[in-house]
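In what follows, a single structure is set out as structure tokens and then discussed.
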Amino acid sequence: MLSYVRKKNTLTVRLTGELDHSVAASIRAELDELILDPRVRRLVFDLDGLEFMDSSGIGLIIGRYKLMARRGGTVAVAAPGRRVDRIFEMAGLYQLVERLA
Amino acid sequence: MSIINEMRLDFPALAENEAFARMVVSGFLLPLNPTLEQLADVKTAVSEAVTNAIIHGYGSGKGTVRLHARYTDDGVVTIDVIDRGRGIADIAHARQPFFTTSEGEERSGMGFTVMESFMDAVDVRSAVGEGTTVRLTKRIDARAEPLARRA
Ligand SMILES: Nc1ncnc2c1ncn2[C@@H]1O[C@H](COP(=O)(O)OP(=O)(O)OP(=O)(O)O)[C@@H](O)[C@H]1O
Ligand SMILES: [Mg+2]
């Protein structure tokens, strides 16, 4: 599930539940609609409530990173769990995306 | 080592069955009394293999995915994820980090790497046009004695 809040130029998206291939496409569509808003310069994924993620999550975040980077924006992830953090580390995600606490 | 418990499950290659496969496997392993960490490791690996069977094996089309899981009295869990889909031509290459044949679909090519890091062993057998079997192996814990006695 996805909920979000925009404050000035930062869109914070909170992902809860399980992020796998079966839900990635609908989350992607929702996100891409949200970041169409030209005010959004920074996209933050709040992962505190994420209970499960596999490599589908890497593709989702890197895809949004590419969209944001193309218009000079940035992406960050906040509060990844231990396993999710390990997956991001393996994928070199933190070379592209800032990690917040 | 003798098998204590074993299960087989066939399901259609539908994305909604990815979560189902994870749940079934964690339910099957509960008698081994795994830690939450171990359970999450196995669920993640199963999710990778089942997703690959659905999207790569069957190209998101029709097909059956088979899950064959068992554990032996030494606490070693073996899970086969089997598809009769298109197969993999070069397995060693496919297992490389960041290798993907689905660039346009936002795959990262990290599925096999994730399986390898969360399981003790990942063994892949595949033939083009015939299908793929991914064998995931992990020792769950040192409860061999009580389990052996119970069996
Ligand atoms: N069951 C399968 N049948 C056919 N090809 C497969 C199968 N599993 C994997 N492959 C091939 O191996 C490649 C690598 O798989 P891997 O899971 O590592 O990455 P991915 O699925 O492409 O991306 P990600 O898992 O990060 O989303 C795939 O792109 C595909 O070409
Ligand atoms: Mg994969």
Using a cut-off of under 4.5 Å on heavy-atom pairs, state which of R83(A), R82(A), M90(A) scores highest against chain B.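 Option with the greatest count: R83(A).
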Is [X] close to chain A through its backbone or its side chain, or both, or neither, when contacts mean heavy atoms under 4.5 Å?
| X | answer |
| --- | --- |
| T51(B) | side chain |
| I55(B) | side chain |
| N17(B) | neither |
| E37(B) | both |
| S117(B) | both |

Discussion item. Taking every non-hydrogen pair under 4.5 Å, which of E105(B), E16(B), R22(B) racks up the most with chain A?
Written reply: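 Going by pairs under 4.5 Å, I would pick R22(B).
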key: Closest-packed option against chain A by number of heavy-atom pairs under 4.5 Å, given A45(B), A40(B), G109(B), P97(B)   =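 Looking at each option in turn, the highest pair count goes to A40(B).
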Is [X] atom [atom1] crowded by more than 12 heavy atoms from other residues, nucleotides or ligands, each under 6.0 Å away?
| X | atom1 | result |
| --- | --- | --- |
| F99(B) | CZ | yes |
| M1(B) | CE | no |
| L36(B) | CG | no |

Margin query: According to a hydrophobic-cluster definition based on side-chain heavy atoms being under 4.5 Å apart (Ile, Leu, Val, Met, Phe, Trp, Tyr only), do I79(B) and F52(A) belong together?
Written below: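 No, I79(B) does not connect to F52(A) through the hydrophobic network.
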Query - Same apolar cluster (I L V M F W Y, side chains within < 4.5 Å links), V44(A)/L19(A) - result: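 Shared cluster, no.
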Would you compute the distance between atom CZ of R86(A) and atom OG1 of T44(B) and round it to the nearest 0.5 angstrom?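 The distance works out to 9.5 Å.
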- So E18(A) and E18(B), side-chain contact (heavy atoms from CB on, under 4.5 Å) or not? Walk me through it. CA-CA 11 Å; E18(A) 308 203 314; E18(B) 292 156 9; over 6 Å; no
- Query: So, do M110(B) and I87(A) sit near enough that their side-chain heavy atoms are less than 4.5 Å apart?
  - Reply: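 M110(B) vs I87(A): side chains apart.
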Would you give me the side-chain donor-acceptor pairs under 3.5 Å for residues 55-66 of chain A, sequence neighbours excluded?
| residue | atom | partner | partner atom | Å |
| --- | --- | --- | --- | --- |
| S55(A) | OG | E48(B) | OE1 | 2.7 |
| S55(A) | OG | E48(B) | OE2 | 3.2 |
| S56(A) | OG | H21(A) | N | 3.1 |
| S56(A) | OG | D54(A) | OD1 | 3.0 |
| S56(A) | OG | R107(B) | NH2 | 3.0 |
| R64(A) | NE | D32(A) | OD1 | 2.6 |
| R64(A) | NH1 | L60(A) | O | 3.1 |
| R64(A) | NH1 | E106(B) | OE1 | 3.1 |
| R64(A) | NH2 | D32(A) | OD2 | 3.3 |
| R64(A) | NH2 | E106(B) | OE2 | 2.9 |

